[in-house]
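Beneath this line is the structure, given in structure tokens, with notes to follow.
Every number for a ligand or one of its atoms is a count from 1 in the order of the listing.
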Amino acid sequence: MPREPRPDVIAIDGPAASGKSTLGFHLAQLLGYLYLDTGCMYRALTLAAIRQGVALDDGAALTALADRVDLDVLPLGDESDGRQYTVLLDGQDITWELRLPEVDAAVSQVSAVAGVRARMVERQRAVGRRGRVVMVGRDIGTVVMPDAPLKLYVIATAEERARRRLRDRLARGHDDNDYAAILADVIRRDHIDSTREHSPLRPAADSIIIDTTDRRVDELLDEVLSLLNEVAA
Ligand code: DC
């Protein structure tokens, strides 16, 4: 058996719409690794809270919900609707509901609860321990998988990120598309994510910064593949 030459856990963090999910997904496809977007787990919990009427400012109730929720993230099968994975909540496919504006609006608050984070991190580490995974989020390199051999921190300007979000929303047929409001929301979420008390968004000391502003995905993939080869050498 040839030795696995590549580091088999790749941690990718960065702010909303920085391009980390696109990069992580394609990288995982190229390497034949599992792709885990940890943001979808916080989003799924947020959707469950909204549906079950759990108050978004009740940390204990949100933590209890995180304990009992039946949440599954499945790798891409033969679906052709542009998804990168399938998320099941109590057995029901909620992958697209995760992008609803009400989830966008509430998820930062839910993911700031320490008890919620502890439950999610535990689930994420269980996936990480199995290896061959590209894990994407906000605290993967700092908290979830601090020993990952390759850590990337992906950034882009707030304006570029707002433009990408607008493009995504147009592609999905939303008609409430106001660039200024989207930009304000990107900045608002950055602020909440990077100033929260528990696991604030920040690069790990040993992460490599990748700026995706005005860069194509194939260029970025080439750059990351050469980084991988350096780490493996
Ligand atoms: O990447 P995203 O927009 O789907 O993330 C949704 C929210 O979850 C966002 O407010 C940040 C939070 N999050 C987090 O706190 N930790 C992670 N590892 C992933 C996401």
Test of understanding: given a 4.0 Å heavy-atom threshold, classify the contact between [X] and ligand 1 as side chain, backbone, both, or neither.
X: V144; value: neither
X: M120; value: neither
X: A16; value: neither

Under 4.0 Å from a heavy atom of G137: which atoms of ligand 1 are those, numbered in the order shown and with their elements?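 Counting atoms of ligand 1 from 1, those under 4.0 Å from G137 are 18 (N), 19 (C).
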Atoms of ligand 1 under 4.0 Å from any heavy atom of R43, numbered from 1 in the order shown, are 2 (P), 3 (O), 4 (O), 6 (C)
Give me the nearest non-hydrogen protein atom to [atom] as residue plus atom name, then the distance to 0.1 Å.
atom: atom 20 (C) of ligand 1; answer: G39 CA, 3.5 Å
atom: atom 7 (C) of ligand 1; answer: V107 CG2, 3.5 Å
atom: atom 10 (O) of ligand 1; answer: S108 OG, 3.2 Å
atom: atom 12 (C) of ligand 1; answer: S111 OG, 3.5 Å
atom: atom 19 (C) of ligand 1; answer: T38 OG1, 3.4 Å

Roughly how far apart are Y153 OH and R138 CZ, rounded to 0.5 Å? 8.5 Å
Should we say atom CD of E122 is surrounded by more than 12 heavy atoms from elsewhere, each under 6.0 Å from it? no
Neighbour count above 12 (heavy atom, 6.0 Å) for H198 NE2: yes
Would you say L34 and L71 are hydrophobically clustered, going by side-chain heavy atoms of ILVMFWY under 4.5 Å? yes
Is there a path from V69 to L56 through hydrophobic residues (I, L, V, M, F, W, Y) whose side chains come within less than 4.5 Å of each other? yes
Is there a donor-acceptor pair closer than 3.5 Å between any side-chain N or O of T213 and the backbone N or O of T157? yes
Closer than 4.0 angstrom: is that true for some heavy atom of M41 and an atom of ligand 1? no
So which heavy atom on K151 is nearest to which on P146, and how close?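 Looks like NZ-O, 2.7 Å.
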Option passing side-chain contact (heavy atoms from CB on, under 4.5 Å) with V134 (candidates L36, I12, D37, L150): I12
Evaluation steps, salt bridge (charged side-chain N to carboxylate O under 4.0 Å, His left out), between R164 and E160: CA-CA 6 Å; R164 288 178 188 161; E160 168 84 12; 3.1 Å; yes
Pick from R99, R138, K20, R165: the one approaching atom 13 (N) of ligand 1 most closely through a non-hydrogen atom: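 Going through R99, R138, K20, R165 one by one, R138 has the nearest heavy atom to atom 13 (N) of ligand 1.
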With respect to atom 16 (N) of ligand 1, which of R117, H198, R189 exhibits the smallest heavy-atom separation? R117
Does an N or O anywhere in Y42 fall below 3.5 Å from an N or O of ligand 1?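 No, no N or O pair falls under 3.5 Å.
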